[in-house]
Amino acid sequence: MKRTKIVATLGPVSSNEDIIKNLILEGVDLFRLNFSHGDHGSHLESLEKIRRVSAKCGRYVGVLQDLGGPKIRLLEVEEPFEIHSGERIFFNKNIKACTRDELNINHPEILDQLKVGSRVYIADGLVRLEIEDVGDRILAKVLVGGRISSKKGVNFPNIKLNIPSITEKDRQDVLFAIEHGLDYIAMSFVKRAEDVKELKEFIFSKGGSIPVIAKIEKHEAIEDIDNIIDTADGVMVARGDLGVEIDLERVPVIQKMIIAKANEKNKPVITATQMLNSMVSLPRPTRAEVSDIANAVLDGTDAVMLSDETAAGAYPVESVKVMKRTIIETETIYEYHRARRATGEYAIPYSGTELAKNTKIDKIVVFTSTGASAIRTSYFRPKSKIIANVTDINVARKLSLIWGIEPNMLVLKSDDSEGLVADFLEKGLEDGILQKGEKIIIIMGYPAGVPGTTNLLRILEV
């Protein structure tokens, strides 16, 4: 059993039901739909396939919507061209398309914030410029040359950008997520906690309650990381743009810091971008990529994510297999039973994990209506499997992201604690979740089914 979850991006090469089934069977716990591409029709089709196939597989697979956000890009270029180190080129916010001599972007108001010495990175930092003079036209010197073509991404690593974090397209995409019951929404280019708060308020105002994952990919977000983690329902270390916004050598240190803070605050954290990038075109990963996955697992990430590897690569299923094998092997040396706060609503989950550790019982069964008690149990990173018994399939799908939790739908025949346990024991034996004669730890509340009443801890023999 792996405890760290796998997120896979659905795309052109993985959108048929056979591939989706294989991805699920090989260990995908949650699918990402990238709303930077495609339309609502294609995403709805993908969502319906995921729901249909996961039901056939008997798995509670979550779906994450990844919003496009205010991505800054060059305007159209009539014909791609090369610029070389030492050359000069202008930015002009009044032109409608880029030329060999002048460039403009889709948010031209940002150009007013440039100063002498400001850096501008194009195409994920492959092309680098430095501002030499500002005026009606802004003069930039080429530090690192490269190819300029239409709609390439543009980053301003030392400027705090004053642009909205939610676009009108994002709002329409969120309405789609609410209407069709997606499980998580990932917010792109978060700069501060207020951005997350604004999105959560918009979701609530439209009748939704979808958890928000804040993508950490802007240099400003690092400065407000504690407040962002407090405000969001989870975070994603989005290392692609983050590695352009800050010096590359800082990314591993920032990644470890974010994971540690998210763990301490008991918020799920996803580590993303280029984890098996070579497998987009090759059947085997590099040793460095495998080590990258292992280190994220050891750091305590809840999930690791595949992007192009499963969306557009030649080996989507093989990529998931490699990731799963790496996770399982790494978790043989994982630091289980991490010491953390164990008071208040965490007292019973903590006691359950300590009891499992001391008695070597390998299954902790949590009866939970909202998922909160299971998430608090995961907080202590027990070596035992956490089986979360829920009665709401939406809760089961949300738990698909949380470290160490195996969601299980409980068919309600009883409404009292003893009856619920008896029903689970019967069904657990039938489904192979439990083995006759094994001992399990039960965490639940009295009275049964009331959120916030987790107060019972028992050892039972099946």
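One is the number of the first residue; the rest follow in order along the sequence. Computed over heavy atoms, backbone and side chain alike; hydrogens, waters and symmetry mates excluded.
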Audit row: D66, N34, side-chain hydrogen bond (donor to acceptor under 3.5 Å, both in side chains) steps and yes/no: CA-CA 5 Å; D66 196 338; N34 186 358; 5.8 Å; no

Verdict with reasoning, T273 to R239, per side-chain hydrogen bond (donor to acceptor under 3.5 Å, both in side chains): CA-CA 6 Å; T273 318; R239 304 178 304 178; 5.3 Å; no

Verdict with supporting geometry, E45 and K49, salt bridge (charged side-chain N to carboxylate O under 4.0 Å, His left out): CA-CA 6 Å; E45 185 178 344; K49 288 178 182 177; 3.5 Å; yes

Salt bridge (charged side-chain N to carboxylate O under 4.0 Å, His left out) between K71 and D241, worked out: CA-CA 10 Å; K71 179 73 174 179; D241 275 281; 3.0 Å; yes

Candidate pair L64 and L182, rule side-chain contact (heavy atoms from CB on, under 4.5 Å), full reasoning: CA-CA 7 Å; L64 176 144; L182 273 69; over 6 Å; no

Worked verdict on K324 versus E318 for salt bridge (charged side-chain N to carboxylate O under 4.0 Å, His left out): CA-CA 10 Å; K324 181 176 72 172; E318 290 81 356; over 6 Å; no

Evaluation steps, side-chain hydrogen bond (donor to acceptor under 3.5 Å, both in side chains), between Y60 and R397: CA-CA 5 Å; Y60 305 103; R397 288 168 177 160; over 6 Å; no

side-chain hydrogen bond (donor to acceptor under 3.5 Å, both in side chains) evaluation trace for N158 with H219: CA-CA 8 Å; N158 55 355; H219 65 92; over 6 Å; no

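D170 pairs by the salt bridge (Lys or Arg N to Asp or Glu O under 4.0 Å) definition with nothing, not counting sequence neighbours. Scanning for ring-ring contact (aromatic ring centres under 6.0 Å, His included) contacts around Y346 gives Y379, with sequence neighbours left out.
For an aromatic pair to be called close, the ring centres must be under 6.0 Å apart, and H337 with F380 fails this.
Ring orientation note: the planes of Y334 and W403 are close to parallel, at an angle under 30° on the 30°/60° scale.
Side chain to side chain, D173 and H40 meet the donor-acceptor criterion of an N or O pair below 3.5 Å. Side chains of K215 and S188: a donor-acceptor N/O pair is present below 3.5 angstrom, by distance only.
Proximity of a side-chain donor or acceptor of K21 to a complementary backbone N or O of C57 within less than 3.5 Å is not detected. Formation of a donor-acceptor pair under 3.5 Å by the S42 side chain with backbone atoms of G38 is not found in this model. Using a distance-only test at 3.5 Å, with no hydrogens or angles considered, no donor-acceptor pair links the side chain of E223 to the main chain of A221.
Evaluated for a side chain to side chain donor-acceptor pair (under 3.5 Å) with T271, the options T301, N295, D299 yield exactly one hit, T301. Here the rule is side-chain contact (heavy atoms from CB on, under 4.5 Å) with D302, and of I270, T4, N263, I259 only N263 fits it.
With a 6.0 Å radius and a threshold of 12 heavy atoms from other residues, nucleotides or ligands, Q113 has its CD atom above the threshold.
Here the shortest heavy-atom pairing between M409 and K427 reads O-NZ, 3.9 Å.
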